[in-house]
Amino acid sequence: MTSQDIRNQFIQYFKNRDHKFIRSAGVVPFDDPTLLFTNAGMNQFKGIFLETETADHPRVVNSQKCIRVSGKHNDLEEVGRDTYHHTFFEMLGNWSFGDYYKEEAIKMAWELFTEVWKIPKDKLYATVYKDDDEAFDLWSNVTDIPKDNILRFGEKDNFWEMGETGPCGPCSEIHVDVGGDPAINGSHPELGVNTDNPRFMELWNLVFIQYFREADGSLSELPSKHVDTGAGLERIVACLQGKTSNYDTDLFTPIIDEISSLTGVNYDPGETGMTHRVIADHVRMLTFAISDGALPSNDGRGYVLRRILRRAARFGRNLGMNEAFIYKLVPTVVKIMGDAYPELHERVAYIQKVIKSEEDSFSQTLDRGLQIFSGLIKENKSAGRSLISGEDVFKLYDTFGFPVDLTSLMAEEEGFTVDLTGFEALMTVQREKARQSTQFKQTTTQGAEWKVLQAGIHSDFSGYSQHRLDTSVVQVLETQDKFFLILSQTPFYAESGGQVGDTGRIYNAGMELRVLDTRKDGDAIIHETKLISGKFNEEAAIAEVDVKRRSDIIKNHSATHLLNAALRKVLGDHVKQAGSLVNEDHLRFDFNHFEKMSKDELTKVEKLVNAEIRKNTPVNIRQLSFDDARAEGALAFFGEKYGDEVRTVKFGDYSHELCGGLHVNASGDIGFFRIESESAIAAGVRRIEAVTGQTAEGNARRERAVLDQLRHILASDIHDLGTKVQNLLDEKKSLEKQVKSLSFDQAASVLEEIVKKAHVIAGVNTVSDIVEVPDTEALKDLGSELMILMGSGVGILGTVIDEAPYLVCVVSEDVIAQHKLKAGNIVRELGRKLGGGGGGKPQMATAGGKDAKALKDVIAGVYEMIGALLG
RNA sequence: GGGGCCGUAGCUCAGUUGGGAGAGCGCUGCAUUCGCAUUGCAGAGGUCGGGAGUUCGAAUCUCCUCGGCUCCA
């Protein structure tokens with residue numbers, strides 16, 4: 001039985017029992033900032049448990065792509081060490097939303113395991129929460145599991161919670177005894193179940209959600225009870241294929257074989273095989289994460305990808321792979337998983353490109369680290385030490401990303417020891433700092449309570465066709481200066497898919513509210529309003545959208561679709577939307593692309609979009625099933641969660657996307673499209689900002705005004721402006737040089753006269769005079785020139801620039817040596833007399849001050865001063 | 001979200017309590033050579049990422065900002 005069969009049988013089993021199959025959500029959650037990656041099948045149903053969304057189907061089954069890289073049971077550094085933990089895995093699950101409960105859930109699980117899949121009954125163990133007698137009795141009465149195989153555990157193992165507060169409840173797990181050597185693994189189940197003993201493997205967790213955990217820690221009963229189950233596919237496959245290691249199943253063996261053939265090192269199922277296991281596990285995670293829109297970067301989830309990739313690359317180096325190779329494994333992963341997750345097929349080349357470039361950049365990081373490391377060794381050796389301090393190890397790792405284990409290894413080769421304790425201490429400090437500074441965002445509505453006037457109604461949106469309608473307030477929340485409203489029906493579009501929320505007003509005879517913003521919370525559309533006049537009342541009201549603003553927004557939104565299509569035509573199909581903002585002023589579109597777009601490419605894109613606008617193609621908006629929409633080639637946004645029925649927006653054959661937003665009636669309404677900028681937003685992500693309609697026209701007009709002005713000033717044809725300005729700049733530069741050299745020559749011409757006036761003080765040639773120079777730079781140059789003329793001695797030149805006095809002092813080497821005169825010391829004293837300061841090197845120093853009138857006396861007083869210094 | 005490091009000539013980088021902007025490679029010219037490689041000499045090329053501040057004086061110190069690298073959450 002293949003893994004593919006097993007996955008399908010699970011889904012089919014529940015489909016036969018009235019469950020609706022729901023596609024896996026992306027591994028990159030699109031609307032949950034608290035979650036780094038989708039880590040359980042229930043993530044996409046969270047809103048249903050929280051009662052902000054209603055379920056479309058009471059019974060659901062799916063196979064969810066999951067990523068777990070942290071948490072108490074899955075430390076990244078442990079993956080690969082054992083045979084059953086993964087960063088990426090699939091979670092099979094069935095759900096009941098207020099439908100069946102414990103009895104059916106237990107019965108079905110038992111039947112699937114023992115009747116369909118024929119797992120021996122005496123090898124299975126069921127665990128229940130210690131106080132959940134109901135579940136305990138069900139296991140003993142509705143299944144034929146051996147009585148001794150039902151075990152009770154406490155909160156840690158058998159009570160499931162979503163977070164600090166929220167839905168929760170007892171759970172019941174099914175474990176399997178995979179056998180093995182009792183001498184090593186032990187035999188008594190109580191010694192094995194829920195310990196880290198690999199002989200007893202958890203296969204399936206059935207969660208019974210019946211409580212809500214309040215903020216004060218107390219539990220209250222939920223009005224409806226839910227079932228949420230999760231079974232790790234990898235483990236079930238291992239069990240059914242009679243393997244003791246997940247890595248020996250057909251989910252992994254092709255990848256491991258490929259690693260062996262690439263590296264020429266055969267897989268060892270024991271300890272040394274960790275290398276193969278780590279790489280196989282990590283390449284799956286990377287393939288799925290990147291296919292769902294994540295990219296390696298330096299923070300957030302991108303950073304997790306980078307760490308995973310580097311860990312795999314490091315293990316690769318242990319197998320002698322010093323060049324990029326992980327990307328070569330991607331086609332194998334896609335071969336195994338592509339049928340279950342067709343999105344992989346579309347993106348193989350893209351995923352490989354991303355992984356390859358990240359592998360290459362890691363090589364660079366390592367090379368740089370090696371250089372710094374050898375510097376450290378050299379420094380320590382010359383200081384007679386053979387210990388690398390914790391600070392140095394930390395700096396190598398923290399600042400330059402050089403792996404600690406590599407540092408240790410290489411230090412050892414050099415006969416050095418490494419202060420790992422010191423390193424760990426610094427890491428702890430770093431972690432603490434980061435943890436303390438993590439703050440949670442406060443929502444504007446925090447602290448106040450919603451007042452419910454009519455329950456169960458959530459602002460039906462009717463704004464696709466209307467912008468003004470009669471409605472009533474069904475919920476209201478009042479804060480210090482605002483009212484948040486939920487209406488029975490609303491024409492206001494809530495922020496979604498990058499399109500900003502509508503503004504406008506809600507009013508009746510007794511009040512007028514200005515709508516500042518509109519957004520979604522689950523199914524509810526919330527209007528953020530401010531009272532303009534009258535007194536807030538709960539009577540029927542008129543809701544009216546600001547039509548002018550909306551018309552500007554929809555132009556930009558439709559233009560975004562045309563831009564997306566044009567980018568794919570000009571740059572290629574690897575272009576994926578990575579973010580979007582559409583408001584009344586402009587549009588911002590982020591997308592995956594590897595290099596800066598050329599002028600030529602930008603022009604092509606702009607031309608394509610405007611050509612499509614001129615065609616005036618009518619928009620075609622339809623509701624159809626997700627699968628049909630995809631079959632027709634409609635573009636879906638990465639990771640977005642779509643229902644079964646989706647809305648598609650199509651402009652002729654040109655652009656076709658899934659989209660819930662508002663659009664123009666025909667492309668011609670956009671009027672005119674202009675790209676204003678293209679820039680880098682992160683590695684591999686570019687951003688285009690553009691404008692449409694009147695804004696674009698206005699920008700063009702403003703630019704022409706500037707050009708007109710320039711043309712006028714330069715008396716030039718528009719085409720010659722560039723060369724003309726360039727010529728002017730070149731000319732200016734060369735003139736400046738000429739002026740500088742002329743004025744220097746002029747100043748230098750008086751030097752000979754000045755040198756003739758030199759005083760000889762105690763055998764030292766001394767010169768002190770006032771010159772005219774354009775800037776302090778020239779004064780310094782003149783100083784050097786003076787010393788060349790004098791050959792030996794002390795020279796001081798003063799000048800006034802912009803009413804401030806400046807001095808330069810030069811002293812020849814022989815005078816420094818014989819008389820201990822230093823230019824820096826001389827100038828420091830003179831600077832003070834000018835109301836400033838000064839300093840420099842023994843050979844040359846400068847000073848300045850504020851009192852220009854004192855300059856003459858200071859220059860005249862130099863001879864006396866030098867005389868005193870020479871004794 | 002919180003730290004660390006980096007941004008200097010076309011490229012790789014140096015620049016030591018703040019005191020004349022440098023090296024190697026590359027480029028241009030001249031010489032060497034039948035020609036090329038080589039070698040020698042000369043030269044061009046810089047808003048020291050950007051802005052503000054402190055100072056007589058900032059590549060250097062402080063603050064802000066942009067870009068890159070890196071660690072932690």
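This is a predicted model, so every value here is computed, not measured. So you know, we letter chains A, B, ... as the sequences are listed, proteins then strands, and number each from 1.
In terms of position along RNA chain B, the nucleotide closest to Gly849(A) lies nearer the 5' end than the nucleotide closest to the other residue of the pair Gly849(A) and Phe394(A). Position along RNA chain B of the nearest nucleotide to Lys780(A) versus Gln430(A) favours Lys780(A) as the more 5'-ward residue.
Separation of the P atoms belonging to G40(B) and U55(B) is 50 Å when rounded to the nearest angstrom. Spacing of C1' atoms, A52(B) relative to A58(B), comes out at 13 Å, to the nearest Å. Rounded to whole Å, the C1' atom of A37(B) lies 13 Å from the corresponding atom of U32(B). Here, A9(B) and U47(B) have their P atoms 9 Å apart, quoted to the whole Å. Here the separation of G45(B) from G10(B), taken at their C1' atoms, is 9 Å to the nearest Å. For U38(B) and G49(B), the C1' atoms lie 39 Å apart once the distance is rounded to whole Å. Separation of the P atoms belonging to U16(B) and C25(B) is 24 Å when rounded to the nearest angstrom. Only the P atoms considered, C71(B) is 36 Å distant from G24(B), to the nearest whole Å.
Protein atom CD of Glu391(A) is 16 Å distant from nucleotide atom P of G4(B), rounded to whole Å. Per the geometry, OH belonging to Tyr397(A) stands 6 Å off C1' belonging to C71(B), to the nearest Å. Between Arg431(A) atom CZ and C71(B) atom C1' there is a gap of 10 Å when expressed in whole angstrom units. Atom C1' of nucleotide C69(B) and atom CD of Glu358(A) are separated by 11 Å, given to the nearest angstrom. Atom CE in Met427(A) sits roughly 19 Å away from atom P in G2(B) (whole-Å rounding). U55(B) atom P lies 7 Å from atom NZ of Lys850(A), rounded to whole Å. For the pair Arg307(A) CZ and U70(B) C1', the interatomic distance rounds to 13 Å; values are reported in whole Å. For Asp398(A) and C6(B), the CG to P distance is 13 Å, given to the nearest whole Å.
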Dump the pairs, protein N or O against N or O of nucleotides 11-14 of chain B, anything under 3.5 Å, distances to one decimal.
none

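Distances from the side chain of Lys841(A) to the nucleotides G19(B), C71(B), A73(B) place G19(B) closest. Among the nucleotides C5(B), A21(B), A73(B), the one closest to the side chain of Glu777(A) is A21(B). Side-chain atoms of Tyr806(A) lie closest to C56(B) of the nucleotides C71(B), C56(B), A73(B). The side chain of Lys395(A) lies closest to C5(B) when the candidates are C5(B), A73(B), G19(B). Side-chain proximity of Arg310(A) to the nucleotides A73(B), G3(B), U70(B) is greatest for U70(B). The side chain of Thr365(A) lies closest to C69(B), out of C69(B), C56(B), C5(B).
Here the closest non-hydrogen pair linking Val827(A) and Gly838(A) is CG1-C, 3.7 Å. A pairwise comparison of heavy atoms in Gly793(A) and Val764(A) identifies CA-CG1, 4.2 Å as the closest pair. Nearest heavy atoms, Phe325(A) versus Glu359(A): N-OE1, 2.8 Å.
The pairing partner recorded for G7(B) is C66(B), the criterion being a Watson-Crick or G-U wobble arrangement whose two distances lie under 3.5 angstrom. Nucleotide C41(B): paired with G29(B) (Watson-Crick or G-U wobble, both distances less than 3.5 Å). The base-pairing partner of G35(B), taking Watson-Crick or G-U wobble contacts with both distances under 3.5 Å, does not exist among the strands shown. Pair assignment for A59(B): none, as no Watson-Crick or G-U wobble contacts are both less than 3.5 Å. Judged by Watson-Crick or G-U wobble contacts below 3.5 Å, the nucleotide C48(B) has no partner.
Looking only at atom types and distance, the side chain of Thr87(A) has a donor-acceptor partner in the side chain of Asp281(A) under 3.5 Å away. Checked by atom type, the side-chain pair Asp419(A)/Ser389(A) shows no donor-acceptor distance below 3.5 Å. Side-chain contact of Ser363(A) with Arg317(A): a donor-acceptor pair under 3.5 Å is present, judged by distance alone.
Using a 4.0 Å heavy-atom distance criterion, Arg828(A) is classed as making no nucleic acid contact. Nucleic acid contact class of Thr776(A) (heavy atoms, under 4.0 Å, all strands): none. Within the nucleic acid shown, Gly401(A) comes within 4.0 Å of sugar-phosphate atoms alone, with no base atom in reach, counting heavy atoms only.
Between Ile859(A) and Leu807(A), some side-chain heavy-atom pair lies under the 4.5 Å cut-off.
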| Passes ring-ring contact (aromatic ring centres under 6.0 Å, His included), Phe402(A) versus Tyr397(A)? Steps please. | CA-CA 5 Å; Phe402(A) 198 68; Tyr397(A) 180 61; 9.6 Å; no

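Thr846(A) contributes no side-chain N or O that forms a donor-acceptor pair with the base of G57(B) under 3.5 Å.
Within the structure, side chain to side chain donor-acceptor pair (under 3.5 Å) contacts touching residues 838-852 of chain A (residues at least two apart or in different chains) are Glu813(A)-Gln843(A). A side chain to side chain donor-acceptor pair (under 3.5 Å) check over residues 816-835 of chain A, counting only residues at least two apart or in different chains, returns the pairs Asn825(A)-Arg828(A).
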